[in-house]
Amino acid sequence: MPDSFELYDLRVEVVAPPGAELWCSATVGDWFELRGENLYLPPGQGFSIYSLAAVLPLLAAKQRVTDANDWMSTDAEVACPDPNCPSRLRITRLGRRSFRHADTTATRKTP
């Protein structure tokens, strides 16, 4: 389709050294997924808005296909925003999903 584009689905997961004490209200293994523009959490699990704020600026770029040598392709962990918390937020690219431009915005391409 000439009007299509692809984005990666992403998983953001809390990781930490074994036995680390976390201060961000997270538990190692907590996660959410980003599919297109929608964020999905497992039932009953929360996610700190401060931790979300730390990764949010990177997610749109991480969804796009990038050069293998681009740091966005290779760097995958973001520090917890609490300087006393040893946890990190690992961003993993999952499968790619196709979208149509005409289905995702009211702005249409002019022929």
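Note that these values count all heavy atoms, side chains included, but never hydrogens, waters or copies made by symmetry.
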Between atom OG1 of Thr92 and atom CD of Glu77, what is the distance when rounded to the nearest 0.5 Å? 8.5 Å
In this structure, CG of Leu7 is separated from CZ of Arg64 (nearest 0.5 Å) by 5.0 Å
Under 3.5 Å: donor-acceptor pair, side chain of Gln63, backbone of Leu10: no
Minimum heavy-atom separation for Arg35 and Asp9, please, with both atom names. CA-OD1, 3.4 Å
For residues Arg93 and Lys62, report the shortest heavy-atom separation together with the two atoms involved. NE-O, 2.8 Å
Indicate, with yes or no, if Leu94 and Leu39 share a hydrophobic cluster defined by side-chain heavy-atom contacts under 4.5 Å among Ile, Leu, Val, Met, Phe, Trp and Tyr. no
Side-chain heavy atoms under 4.5 angstrom apart, residues restricted to Ile, Leu, Val, Met, Phe, Trp, Tyr: same cluster for Ile49 and Leu58? no
Work out which heavy atom in Pro57 is nearest to a heavy atom in Ala53; give both atom names and the distance. CD-O, 3.2 Å
Given 3.5 Å as the limit, does a donor-acceptor pair link the side chain of Ser73 with the main chain of Asp67, or not? yes
Between Trp31 and Arg90, is any pair of side-chain heavy atoms under 4.5 Å apart? no
Measuring only between side-chain heavy atoms, which start at C-beta, is Pro86 closer than 4.5 Å to Leu22? yes
Is there a side-chain contact between Phe47 and Val55 (heavy atoms, below 4.5 Å)? no
Answer yes if Val12 and Val28 sit in the same cluster of Ile, Leu, Val, Met, Phe, Trp and Tyr residues linked by side chain heavy atoms under 4.5 Å apart, and no otherwise. yes
Is it possible for you to say whether Leu56 and Val78 belong to one hydrophobic cluster, with membership spreading through side-chain heavy-atom contacts below 4.5 Å? yes
Give me the atom names and distance for the closest heavy-atom approach of Ser48 to Ser25. CB-OG, 3.9 Å
Beyond-backbone contact of Ile91 with Leu59, side-chain heavy atoms, under 4.5 angstrom: yes
Tell me whether Tyr50 at atom OH has more than 12 heavy atoms from other residues, nucleotides or ligands lying less than 6.0 Å away. no
If every non-hydrogen atom of Ala26 is compared with every non-hydrogen atom of Val14, which pair is closest and at what distance? CB-CG2, 3.9 Å
Starting at CD of Glu13, measure out to CZ of Phe32 and round the result to the nearest 0.5 Å. 11.5 Å
